[in-house]
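None of the values given here were measured: they were computed from a predicted structure. For ligands, and for the atoms within them, numbers begin at 1 and follow the listed sequence. Note: hydrogens, waters and symmetry copies are ignored here, and every other heavy atom, side chains too, is used.
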Amino acid sequence: MHLQSPAPFPQNRPRRLRRDAFTRRLVRENVVTTDDLIYPVFVHEGTNRSEAVTSMPGVDRLSLDLLLPVAEDCVKLGIPVLALFPAIDPSLKTPDGKEALNPNGLIPRVVRALKKEFPDLGVMTDVALDPYTSHGQDGVLDETGYIINDETVEILTGQALTHAEAGVDIVAPSDMMDGRIGAIREALEVQGHIHTRIMAYSAKYASAFYGPFRDAVGTRGALGKADKNVYQMDPGNSDEALREVAIDIAEGADMVMVKPGMPYLDIVRRVKDEFKVPTFAYQVSGEYAMIKAAAANGWLDHDAVMMESLLAFKRAGADGVLTYFARDVARKLQK
Ligand code: PBG
């Protein structure tokens, strides 16, 4: 028996294409652009009122007058869409969250003002009851505390219509009730809102990564130790995400979303491969907080990790990303 003589050189040299910046740029398969960004913002009542969200450094709850310059900045930077989330005054919260239907409530007023000032900036609103309910759940409860589906869908449909009437471009149901996309789509059609787009939070997991968001909208206290496991998806499931997406597309969603983002990139990839519809991912508050905290400690390079995380979404197949980094990313891309 004799040893085979080793080849005198490697059979393949993939490093050739990594040799210079120009070749790396030439063969790069995915890039992040400003067109990929949706910027989530938190609004509350009042004037000249800004409150820092402690668990999300760099993120503030803003009154409308302070949001307008932020929206203007987004227009200048070329960010396509702002996503609005309200921190509702506790005095307006009820078990049924009916403030969500108020045509002169915070969100409809902010939508009208934004569309008036910046008609070319896309505006998206969240359809869910959690900012409006005294218990912090996304729907109404029966006497046992279970979140009832069909009654909740009726209220959500009214909420979506209220936003459409205020002129919102995209409604994004994030509640995970069954049948809500179909109900909302039908109501929009019947009322003549044929252009209102629906971005469905189709695969939304019951995730601990939403913690800082609940601080931002002020639902953490109300929710207490309660969880959302009876409507949001189990983090152990993957095939179920495909079933949820299939249902939402059949019911009339124009775009679908996977949430959270980076820990669920496998789901983004499966959804994109299977359905080939516009697919979005949400880099949620906890993901943002982790990067911010590590960077603040000097453990990670803030900008490098931010850009790499966005690129990873693109590589996984996302057409766009909701991210609290949107303005930082857009600024970086301008350089
Ligand atoms: C509420 C909603 C949540 C988020 C978006 N819409 C939180 C939740 O479901 O409890 C989370 C966003 C984030 O963590 O950044 N319907």
(request) For the pair Phe325 and His302, name the ring-plane relationship: parallel under 30°, tilted 30 to 60°, perpendicular over 60°. (result) perpendicular

The residue among Asp130, Asp175, Asp234 that forms salt bridge (charged side-chain N to carboxylate O under 4.0 Å, His left out) with Lys228 is Asp130

Short version for Asp126: what comes under 4.0 Å of ligand 1, heavy atoms counted, is side chain

Compare all side-chain heavy atoms of Tyr282 with those of Pro260 and state whether any distance is below 4.5 angstrom. no

Under 4.0 Å from one or more heavy atoms of Lys228, ligand 1 contributes atoms 8 (C), 9 (O), 10 (O)

Atoms of ligand 1 under 4.0 Å from any heavy atom of Asp138, numbered from 1 in the order shown, are 1 (C), 16 (N)

Under 4.0 Å between heavy atoms, the region of Tyr324 that gets near ligand 1 turns out to be side chain

Could you tell me whether Asp73 and Arg331 make a salt bridge, using a distance below 4.0 angstrom between a side-chain N and a carboxylate O?
yes

* To do: Please report the C-alpha distance between Arg49 and Glu51 in whole Å, then the side-chain angles of each, then the deciding distance to 0.1 Å, and finally whether the salt bridge (Lys or Arg N to Asp or Glu O under 4.0 Å) criterion is met.
  => CA-CA 7 Å; Arg49 203 171 148 233; Glu51 282 170 14; 3.2 Å; yes

One finds that the ligand 1 atoms under 4.0 Å from a non-hydrogen atom of Lys259 are 2 (C), 3 (C), 4 (C), 5 (C), 6 (N), 11 (C), 12 (C)

Give the ring-plane orientation class for Phe213 versus Phe85, where under 30° counts as parallel, over 60° as perpendicular and anything between as tilted. perpendicular

- Message: I'd like to know if Gln283 contacts ligand 1, where contact means a heavy-atom distance under 4.0 Å to any ligand atom.
- Response: no

Practice prompt. Using distance alone, decide if ligand 1 has a nitrogen or oxygen within less than 3.5 Å of any nitrogen or oxygen in Asp130.
Written response: yes

